[in-house]
Amino acid sequence: MLGFCSVCLLLITGSFYHPRLLSDEVESEEVQLRMKEQEEHYKRLLKEVEEKCNLDNNAKVDTYAEAEDSAKVNWQIYLIVTILFVALWRGDTWSHIPLEYNSEEEEEGEKENEFPQRIYSNNLNIPDKSVLNQFHNISIQNVSQEPMQTCEFVESFVDNLLEACRNLCQWDTGLILEDCVGIGSQFEKWGCKMPPVYDILVPIFLQDGYCFKLEFDCCDIPPDKQSYGRILMVTPNSTDLGCQCTTTELEGDVLCLVHNKRFEDVHSLCLASSMCSKWYLDYEKVVKWFRLAFDKSWNKICHKYDFELAFHKITGCCGLKIQHQSGRTVHIKVFPAVRLKDSDVYLVSSFSNCSKKTTLSTIYWHISCAVCEYRFLKIMAKNVPKSSCHLKCLQILIFLTEKLCSSSDQPYVLGSYLFKTVLMHLLLSQPYSNWHECNLEHRLRDVLKYLGKCLDEKRLHRFMIGNQIFPQQIEIPEMLLQSEPINLFRSFAIERDSYSQALMEYQKILREMGPLMMECTKSNTVS
């Protein structure tokens, strides 16, 4: 019986130090030393038990049995207490992986095994500052340089189109169009795509007492689609409108409108049928209306301009292409949007904040903080040094990613919005002085290391939602400030193929960014 108990205790002791249960932060020599001490201590205990049994061998049978049982109980209790003490001591004293992220300067004295599962290293293949500046000036700035006045021209032209739309269509549909808002890379001054694309939001709302009711956290939205909401149309005589035909066989838009007595006037019938699906605003129908309205409006104002305008069908937006007589082209994407209360947050028609496509119904609109992010970067530009490197970091990484992934048939997973999100997190977590242009190499390394850490953990939170530490000048509804952060990498836990592709793209950047910079610089210098 004593032997069986001893074996059980030995197995329990060994399980505490099984390699799969050990933290990678503990040095292997320390673990081996502790295991050796426990082994020697256990051998001593066994030896003492055997000696005591030999001394009592000539005693009476009943006395021997009583002594043996007492020894068993005492030593077993002692061993169990010792094991529990060691386990508790180990759990209380061993450190865990820190959740905070430090800049490269703050990590210079730390060991590389601090993040045991990371797919990156401290020795990234990043050229020095002079090579980075030369690459940026020759391959990015000179090639993708757009006139500073282009953004103003784009906004002015779209506003002229919208004014013509108001004169033609406003009283027919009841839809009111606000002035446009420029967003995205070109307006934030980090765009490096060729040809450049200018993203425009057009806020819309209803007149004559009609309004939109925005719905979030709907039970039928999948958990990995937290960035979406629905827009319910509400009439002057109703505060909560819903389709009454969804439980019957009459589920079409026209049949539904006929059977719903709350929509008795022709104006409501026209608006709902042209813009909604089951009383929810349908972005495909809204975009279709925009295309038709822009086409009619252009015919009214085309005589004012000396260029040609073409319309393109793009999912979720209205695509415009301006063709100048000189051959220069300007590409514009116009996104219908509904403002969330009096904030800078909008529900946008399938605005692509990351490269992952969605299969949701067209009544689900994307929650976009693009205007908030634009204003945040403008505020940061005033705080960081005048010759800051934060936008250079973003341009270099996006340019390299698109170059490296352009040969692939599949759309790349690490899109520009992910790099932008990482940059915005780092802008708040580091002193502004760290972003001086002389620190370009270090900040580029920080962005890559932060992204690698997020890929390891499969967690990268959207910057604005659930974040309460950014400047107060940006208007965010309290419901979004208090909501749970949205993880942009949540799908990686389920979709292994996407996660594997993201890791491959990331490792490809680390491996080939240096040679690719040299190649691009050389080719652009020769040309």
Side-chain angles (χ1 to χ4, degrees), residues 124-148 150-151 182-199 331 352-355 370 373-374 376-381 384-406 412-427 430 432 434-452 463 505-506 508-510 512-525 527:
L124 300 179
N125 186 24
I126 298 180
D128 59 30
K129 178 180 61 177
S130 60
V131 175
L132 290 173
N133 284 324
Q134 185 182 25
F135 165 74
H136 181 269
N137 294 335
I138 295 176
S139 300
I140 298 179
Q141 191 170 10
N142 292 343
V143 174
S144 60
Q145 185 69 36
E146 276 286 302
M148 296 296 294
T150 305
C151 289
I183 58 171
S185 59
Q186 293 302 126
F187 291 91
E188 293 169 350
K189 297 182 174 57
W190 54 266
C192 55
K193 290 183 179 180
M194 290 302 294
V197 179
Y198 294 82
D199 293 333
H331 297 264
S352 176
N353 268 356
C354 57
S355 59
E373 293 165 358
Y374 170 54
F376 169 78
L377 291 177
K378 287 184 67 175
I379 294 173
M380 289 296 103
V384 297
K386 187 175 182 180
S387 54
S388 173
C389 65
H390 67 290
L391 295 183
K392 281 187 178 181
C393 288
L394 194 56
Q395 288 177 315
I396 290 173
L397 290 173
I398 292 173
F399 182 89
L400 293 175
T401 301
E402 294 183 351
K403 279 284 186 182
L404 292 171
C405 301
S406 59
Y412 50 89
V413 177
L414 299 180
S416 59
Y417 185 72
L418 300 180
F419 286 104
K420 176 184 171 183
T421 300
V422 170
L423 176 69
M424 290 189 293
H425 281 295
L426 289 177
L427 281 170
Q430 297 188 11
Y432 296 137
N434 281 11
W435 295 96
H436 193 275
E437 63 177 353
C438 64
N439 297 323
L440 176 60
E441 177 184 354
H442 302 296
R443 300 292 75 79
L444 195 63
R445 181 176 285 109
D446 284 347
V447 173
L448 286 171
K449 289 170 65 177
Y450 189 98
L451 179 59
F463 181 66
E505 292 176 6
Y506 178 78
K508 192 173 184 179
I509 296 173
L510 300 187
E512 301 182 21
M513 65 180 303
L516 183 59
M517 284 184 188
M518 300 298 293
E519 179 183 345
C520 292
T521 302
K522 183 178 179 180
S523 62
N524 287 316
T525 302
S527 59

Taking all atoms of both residues into account, what is the closest heavy-atom pair of Phe463 and Met424, and its distance? CE1-O, 3.4 Å
In a check of side-chain hydrogen bond (donor to acceptor under 3.5 Å, both in side chains) between Gln395 and each of His390, His136, Lys189, which one passes? His136
Over 60° means perpendicular and under 30° means parallel, so classify the ring planes of His425 and Tyr450, tilted if in between. parallel
Between Tyr198 and Cys151 the two heavy atoms that sit nearest each other are CE2-SG, 3.8 Å
Could you go through Trp190 and Leu423, starting from their C-alpha distance and side-chain angles, then the distance that decides it, and tell me whether this counts as side-chain contact (heavy atoms from CB on, under 4.5 Å)? CA-CA 12 Å; Trp190 54 266; Leu423 176 69; over 6 Å; no
Starting at NZ of Lys420, measure out to SG of Cys393 and round the result to the nearest 0.5 Å. 15.5 Å
Kindly compute the distance separating CG (Leu444) from CG (Asn439), expressed to the nearest 0.5 Å. 12.0 Å
How far does NE2 of His331 sit from CG of Asp199, to the nearest 0.5 angstrom? 12.5 Å
Check: Leu397 and Leu448 side chains under 4.5 Å, non-hydrogen atoms: yes
Taking every non-hydrogen atom, the tightest pair across Lys403 and Cys520: CE-SG, 4.5 Å
Gap separating the CG atom of Asp128 from the CD atom of Gln134, nearest 0.5 angstrom: 10.0 Å
Which atom pair, heavy atoms only, marks the closest approach of Cys389 to Glu437? CB-CA, 3.9 Å
Atom of Leu427, atom of Phe376 and distance for their closest heavy-atom approach: CD1-CE2, 4.1 Å
What do you reckon, is CE of Met194 surrounded by more than 12 foreign heavy atoms closer than 6.0 Å? yes
Applying side chain to side chain contact (heavy atoms under 4.5 Å, CB included) between Met513 and each of Thr401, Ile126, Leu404, report the one that passes. Ile126
Hey, mind stepping through Asn434 and Leu426 against side-chain contact (heavy atoms from CB on, under 4.5 Å) and telling me if it holds? CA-CA 10 Å; Asn434 281 11; Leu426 289 177; over 6 Å; no
Pair Lys508-Tyr412, side-chain contact (heavy atoms from CB on, under 4.5 Å): steps then yes or no: CA-CA 12 Å; Lys508 192 173 184 179; Tyr412 50 89; over 6 Å; no
Can you tell me if Tyr432 uses its side chain to pair, donor with acceptor, with the backbone of Met380 under 3.5 Å? no
With respect to Ser139, which candidate in Leu516, Leu400, Thr521, Ile396 satisfies the side chain to side chain contact (heavy atoms under 4.5 Å, CB included) definition? Thr521
Taking atom NZ of Lys193 and atom OG of Ser416, what is their separation to the nearest 0.5 Å? 5.0 Å
Salt-bridged, Asp446 to Arg443, with N to O below 4.0 Å? yes
First locate atom CD1 of Ile183, then atom OH of Tyr374, and finally report the distance between them rounded to the nearest 0.5 Å. 11.0 Å
What are the two closest non-hydrogen atoms of Cys192 and Ile140, and how far apart are they? CB-CG2, 3.9 Å
